[in-house]
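Structure, as structure tokens:
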Amino acid sequence: MVRWRTLTGLLAAALAAVTAASVTVAAPAAADGGTMTPYVVGGTRAAQGEFPFMVRLSMGCGGALYSPRLVLTAAHCVGATGANTSITATLGVVDLQSSSRITVRSNYVYRAPGYNGNGKDWALIRLATPVTGLSTLKIANTTAYDNGTFTVAGWGAAREGGPQQRYLLKATVPFVDDTTCNSYYRGQIIPAEEICAGYASGGVDTCQGDSGGPMFRRDATNAWIQVGIVSWGNGCARPNYPGVYTQVSYFASAIASAAASLGG
Ligand code: ARG
């Protein structure tokens, strides 16, 4: 079992390297060394505008636009709660190099109270300037949507150990119940706080650099609703090791209170 949150620094360095060099995107057939799996561990390219709430964060994580001023991400992507102008958020594009990208600096980080590297893996980043014109992603505040098939998206690695991506990738993964997930992970899942998703056969998953990004599905009104935050896993897309996500419904009221305290 590997908790990748300890690799955040490495990810940031890797991302910086990727950004510095001109980014090449591997052809699908070569993306994982020549097998048939294209792109994000079983994913495909997202269309421009398909997931307008997706955010890329400069430390090498993902996030979701919760409100014009707030980005919901993972606690393991950020430092302690307090003023913080070190993070740049990139929004509004699938291509991180696009000249139409929106970049905004952070001015405050709110990390889940009691976060100690085990569970409670959520945080809010406040942007210095509100971003208007992009739809936000609402969060699930009941367990009603904690089942079914989920969509995940991010600019993280397209294969375990692989480079960060220039273009947003997406995939769908099925819900895995806590009992099954805990049997795979030998009791390391926190059932109330975490929700698992993936195929027993592997092949489709989030990966390093997708952390903090949303896992979402359609609600009863056909709107996207966020049920998870990319948190951790053993490698990426390995058989019998689903992705582990922060269970948003469990923290929804804490997230909403924190958001209100940050000015909404
Ligand atoms: N914690 C990782 C990150 O920092 C994400 C790991 C997700 N792993 C997985 N197998 N779903 O980007």
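The figures here come from the full heavy-atom set of this structure, side chains too, leaving out hydrogens, waters and symmetry mates. Starting from 1, each residue takes its place in the sequence as its number. Indexing begins at 1, ligand by ligand and atom by atom, following the structure's order.
When hydrophobic clusters are built by joining Ile, Leu, Val, Met, Phe, Trp and Tyr residues whose side-chain heavy atoms come closer than 4.5 Å, directly or via intermediates, F51 is grouped together with L57.
Only the backbone of S231 comes within contact range of ligand 1, with a heavy atom under 4.0 Å; no side-chain atom does. Looking at N234 against ligand 1, nothing comes within 4.0 Å, counting heavy atoms. Counting heavy atoms under 4.0 Å from ligand 1, residue C77 does not touch it at all.
Residue G235 places at least one N or O, backbone or side chain, under 3.5 Å from an N or O of ligand 1. Considering backbone and side-chain N/O atoms, T206 comes within less than 3.5 Å of an N/O atom of ligand 1.
Close contacts of ligand 1 with D205, meaning ligand atoms under 4.0 Å from a residue heavy atom, involve 9 (C), 10 (N), 11 (N). The contact set between ligand 1 and H76, taken as ligand atoms under 4.0 Å from a residue heavy atom, comprises 1 (N), 3 (C), 4 (O). Heavy-atom contacts of D210 reach the following atoms of ligand 1: 12 (O) (cutoff under 4.0 Å). With ligand atoms numbered from 1 in the order given, ligand 1 contributes 3 (C), 12 (O) to contacts under 4.0 Å with heavy atoms of G209. Applying the 4.0 Å criterion to heavy atoms of G243 picks out, from ligand 1, the atoms 11 (N).
Taking the side chain as every heavy atom from C-beta outward, K170 and T44 approach each other to under 4.5 Å. With a 4.5 Å cut-off on side-chain heavy atoms, V227 and F175 do not count as touching. Using a 4.5 Å cut-off on side-chain heavy atoms (C-beta onward), R159 and C207 make no contact. Considering only heavy atoms from C-beta on, Y250 stays 4.5 Å or farther from E194 through its side chain. At least one side-chain heavy atom of I139 sits under 4.5 Å from a side-chain heavy atom of L72. Contact annotation: the side chain of V244 never approaches that of Q188 to less than 4.5 Å [non-hydrogen atoms, C-beta and beyond].
Taking the six-membered ring wherever Trp is involved, the centroid distance between the rings of F53 and F216 falls below 6.0 Å.
Heavy atoms of G198 come nearer than 4.0 angstrom to ligand 1 in no pair at all. In this structure, C207 is part of the shell of residues with a heavy atom less than 4.0 angstrom from ligand 1.
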